[in-house]
Amino acid sequence: MTFLHASEMRGGYGSGADILHGCTLTVQKGEIAVIVGPNGAGKSTAMKAVFGMLNLREGHVHLGGEDITQLSPQERVYKGMGFVPQTHNIFPTMTVRENLEMGAFIRNDDIEETIEQVYELFPAVKDKRNQNAGELSGGQRQQVAVGRALMTQPKLLMLDEPTAGVSPIVMDELFDRIIEVARTGISILMVEQNARQALEIADKGYVLVQGANAYTDTGAALLANPEVRRTFLGG
Amino acid sequence: MTKPDMKKSRAPQYFLAMALLISAVGLLQSWNSALSILNMGLISAIMALGVNLQWGYAGLFNVGVMGFVALGGLAVVLTSMPPVPAAWSAGGGRIVAALVVGVAIIAGAAVLWKKMPKGRTRGLVLTAFLVAGFFLFRFLLDPAVAAIEAVDPAVSGYLGGLGLPVMLAWPVGGILAAGAAWLVAKTALGLRSDYLAIATLGIAEIILAVMKNEDWLSRGVKNVNGLPRPVPNEIDLQNAQWFLDMMTRFGMDPTTGSSIFVKLLYALLFLAVIILIVTAMELALKSPWGRMMRAIRDNEVAAEAMGKNVTGRHLQIFVLGAAIIGVAGAMMTTLDGQLTPTTYQPLRYTFLVWVMVIVGGSGNNWGAVLGGMLIWFLWIEVEPIGAWIVNVITSGMDDGSAFKAGLIERVAYMRYLTMGVILLVVLRFSPRGLLPEK
Amino acid sequence: MDILNALVAFANFVLIPATAYGAQLALGALGVTLIYGVLRFSNFAHGETMSFGAMVVVLVTALFQSWGISLGPLPTALLALPFGIAVTALLLLTTDRVVYKFYRKVKAAPVMLVIVSTGVMFVMNGVVRMVVGTEDRRFADGARFLVNARDFKAWSGLDEGLAIKTTQVITVVVALITVAALFWFLNKTRTGKSMRAFSDNEDLALLSGINPERVVTITWLLVAALATIAGALYGLDKSFKPFIYQQLLLPVFAAAIVGGIGNPLGAIAGGFVIAFSEVTLTYAFKKVITYLSPDSWSPDGLVQLLSTDYKFAVSFAILIIVLLFKPTGLFKGQSI
């Protein structure tokens, strides 16, 4: 079933020029969808549009069948969206555990179980739970950031270039975790620079060019598509 | 030069209104009060011009205005008072030696810092050097200070000045302030805006501490009275035949007339200075230098990327602005005829000038002049106006009533509240001020 | 014996006063640092806020005294503190709604807010002047000394008497309680944590569903408490001069910046660094040195490194040194 359906999105930041020119993204339940494309294609913008961080002039965003186009990012969090920004995605002077607690700020029920789940998913996060998040390495910070977003028990987790600036080994590890998250039934929408590796784990891939869909297929199919390989994956 | 701009803006109307306000004081209160307001208004306008140069042209947040004003005042004493030979022979040489040694120690420390390799040794050596230097400095200075301050303490007890014409003190005041500003700028200009603010706030307090404490320099809190004047003395005028003749012709009382005459002369001098400064600033603003300054203010990052030396430009403008404030400080002390370090308060000499700049219109020199005059006018007149209002409101009440007495007492403090409200209202509803930047 | 005498003299004139002063500065700096951390501007009106809070405490104390309410050996002002905090909180919240909120909405530059805060400073200064005028007021009552110099001499047999004023002890005790409560709030409660989160990363805090206006309100409430307590303690210890607080602005800011602005722990450390430096460098060590040196040798001068008027220079010098060599402060603060 289609969980996220963002159709024909058109818009830009503030009153500036349009960056998205009719971009459509859909994600099924428990599916990993990856947005790739050249620099300046509007990948992050498309994701921010899904999360309500820019005004759409055209198009709609449906989550679980409900039209959420008019909702603010905060309201979308309540509807089951989790967002991990590319940078500044942790509270640096707070402990790792406190970061998780803040992630669950909107919840009024017991959050211990979710914290345990995050600890289970990211053992490094558990080990460092009493350290300030700002003191962690880049890869560990990303784990904390993802963990923080998971604390609201989102149904759709959006990640903006989660592997930016981390080593290949850490990247593989992070992707493994993301697959694990998807297995629990959470849909994943991810923007990635490391297109090849990301498409390898993707159920569905979107290649964006100039704010519009250029290719849409399964990750494997895109990897196999000679056109895509030549143009976007460097051969 | 500035005529075409004046035509387009509302400046002429505002300045006319300002003139009417001051005339109203002349008619309703006295011409003496009106001219006092005019004179201090003109001086305030110059202070505002200095702050406007720093803030309006370069976005530098200086809250040490008071310190530069006070340095201008110090310049008047150091330039125009006659030297005290007894004090000089008692300890003048030693003081000079101590100051030279003091400067040498600081220079030496700077050299050590640069020459020595980084590390703990450098820190320790430098600390030891500075501590030893401090004791050497005090060893030289203290006896000389004691000797000088013992020389006829009731009237002098200080080294005196150079005995030069008092008008010379105005540029000297500018130079002193510029020197202090250069030191501040060298250390603090690279910092974030609010740290620069705190640094300037601190330097102003230190300048005041020196002036209150170093009696050998300017008698500290014992004040220096009877400063020379650039204009004739009222008493001399009252005894001069030509002046008495003139007064008879105008049908004026010579005592009042002499005081008005003196104030008018001051007003002319101050006006001349203002015209000089505004002309120079307007010329500078339209020059390539001024355009670059504004480009830097509007987008520091871009200017830096284009290879402009932003910190260097800021240093220039900070020093220049402080110099203008110093000139105004010297003019004010000349007008007062005395230097009283205890009267310098940050609210009055720093933050009030800021109100002037913001209300007048930051980035606009005519705005700074207008703001200076208008805010000074209100600063003085809010109190009588308030008292008048209270009197009208409470006219039905018994004169002895505690409520009425209390109200009248409270009105005396209304100016602070009023200034705050004016500043907040202007910031909120007309942040570009009365005469916005073109 | 002489070493003990010297020690007592040192405690009397440096250690004890500097501890009390340090506690007052620390509380003041905590207020500045909280505002900076959450609202992101240097609040120049903070000195006047302290003055206002202290003024309300003074007035309520006078009222209680006229009703015959007292705390026995303790100053009545302690009873008046909650009222001072409440009125100050009301003032700060009103100011926020009427003045600051607008600039948050339009996302004004921090320097704009600093200028706005100078306007608030004028208004508060005017209000204080209009309510209580400008004279000094002593409002400390109860026992004056906890340890009396004469009793101490009789008890210890030393020449030098140790004197500890009740107000000094109260300052330290109240400051300890306040700081402990503040840190408990910031580190243990959900609301406190949300405040720290907001200070750390505003955008992420918003994404996490933290209500910024609520954080701001709570910040002002805390600031009201800290400023009133700091102001009242300073007034109790010395006397209530409405305008002395304006002069506290520099050491308070210096303390906050030296410690690392935005960092509460740093504000406390900074307060004590500034206080001890000021008091030590401006204290005349003649007495201490006389005790320590042989009878025949006693210093001629006061052995005072700097005249008391130069205490600003001390705060300032420390501030500049820290800014030049460690711009984020002793404890890591925000350096945006």
Side-chain angles (χ1 to χ4, degrees), chain B residues 55 59 61 63 123 134-135 138 142 146 184 187-188 190-199 201-206 208-214 220-221 345-347 350-352 354-355 357-358 362 409-428 431, chain C residues 36 40-42 44-45 48 95 98-99 102-103 108-116 118-131 133-134 243 246-247 249-251 253-254 256-257 261 301 304-313 315-317 319-320 323-325 327 335-336:
Chain B
W55 170 246
F61 191 48
V63 283
F134 178 76
F135 280 103
R138 289 291 297 265
D142 287 5
V184 182
T187 38
L191 304 170
R192 309 184 347 218
S193 61
D194 33 359
Y195 286 4
L196 174 68
I198 309 286
L201 188 73
I203 201 78
E205 292 292 354
I206 291 177
L208 258 295
V210 170
M211 284 175 59
K212 282 179 194 164
N213 213 49
E214 302 303 320
V221 291
Q345 302 290 338
L347 271 184
T350 294
F351 295 108
L352 192 66
W354 269 94
V355 179
V357 173
I358 303 278
S362 29
E409 192 196 314
R410 302 274 179 285
V411 160
Y413 303 122
M414 238 180 72
R415 48 161 68 151
Y416 295 91
L417 190 72
T418 315
M419 289 306 136
V421 170
I422 289 176
L423 179 61
L424 291 177
V425 166
V426 168
L427 280 171
R428 173 78 165 76
Chain C
Y36 188 88
R40 305 188 203 278
F41 71 96
S42 305
F44 272 63
E48 304 305 332
T95 310
V98 176
V99 182
F102 168 78
Y103 297 94
V111 68
M112 194 67 191
L113 277 159
V114 176
I115 297 177
V116 170
T118 65
V120 172
M121 173 176 80
F122 263 108
V123 172
M124 285 186 180
N125 188 290
V127 168
V128 171
R129 275 175 208 257
M130 289 171 96
V131 175
T134 52
F243 304 115
Q246 177 137 57
Q247 293 173 19
L249 200 59
L250 184 66
F253 266 114
I257 295 174
I261 196 154
Q304 187 181 16
L305 290 175
L306 289 170
S307 145
T308 7
D309 279 345
Y310 286 126
K311 57 178 190 226
F312 291 121
S315 329
F316 182 72
L319 177 71
I320 289 295
L323 281 184
L324 290 183
F325 298 107
S335 65
I336 303 154

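Residue numbers start from 1 in every chain, and the chains themselves are labelled A, B, ... in the order their sequence lines are given, proteins ahead of strands. The model shown is predicted, which means the values in this text are computed figures rather than measured ones.
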Residue selection (most heavy-atom pairs with chain C, distance under 4.5 Å) from B/Ile206, B/Thr418, B/Leu201, B/Val421: B/Ile206
Approximate separation, where rounding is to 0.5 Å, of B/Leu208 CG and C/Gln247 CD: 10.0 Å
Shortest non-hydrogen contact between C/Phe44 and B/Ala197, atoms and distance: CZ-CB, 4.0 Å
Interface moiety of B/Phe61 toward chain C, non-hydrogen atoms closer than 4.5 Å: side chain
Heavy-atom side-chain contact between C/Arg129 and B/Leu417 under 4.5 Å: no
Gap between atom CD1 of B/Ile198 and atom OG of C/Ser315 - 0.5 Å precision: 11.5 Å
Nearest-0.5 Å distance, CG of residue B/Leu424 to OG1 of residue C/Thr118: 8.0 Å
Reported NZ-to-CD distance for the pair C/Lys311 and B/Glu205, which is rounded to 0.5 angstrom: 10.0 Å
Proximal component of C/Val131, with respect to chain B [non-hydrogen, under 4.5 Å]: backbone
Residue selection (most heavy-atom pairs with chain B, distance under 4.5 Å) from C/Val128, C/Leu250, C/Val114: C/Leu250
Engaged part of C/Met124 at the chain B interface, taking heavy atoms whose separation is under 4.5 Å: neither
Gap separating the CG atom of C/Leu319 from the OG1 atom of B/Thr187, nearest 0.5 angstrom: 10.0 Å
Under 4.5 Å from any heavy atom of chain B - which part of C/Gln246: side chain
4.5 Å side-chain heavy-atom contact, B/Trp55 and C/Ile115: yes
Side-chain donor/acceptor of B/Arg428 to backbone N/O of C/Val99, under 3.5 Å: no
C/Leu323 versus chain B, the contacting section by heavy-atom distance below 4.5 Å: both
Chi angles and distances behind the side-chain contact (heavy atoms from CB on, under 4.5 Å) call for C/Val127, B/Tyr416: CA-CA 8 Å; C/Val127 168; B/Tyr416 295 91; over 6 Å; no
Best-contacting candidate, B/Val426, B/Val63, B/Val210, B/Val411, against chain C by heavy atom pairs under 4.5 angstrom: B/Val210
Within-4.5 Å side-chain heavy-atom neighbours: C/Phe102 and B/Leu427: no
Pick from C/Thr308, C/Ile320, C/Asp309 with the largest number of heavy-atom pairs that fall under 4.5 Å of chain B: C/Asp309
Part of C/Phe243 within contact of chain B (heavy atom distance under 4.5 Å): neither
Note, C/Leu305 side chain near B/Phe135 side chain (heavy atom, < 4.5 Å): yes
Nearest-0.5 Å distance that lies between atom CG in C/Leu306 and atom CG in B/Asn213: 9.5 Å
C/Phe122 side chain near B/Ile422 side chain, heavy-atom distance below 4.5 Å: no
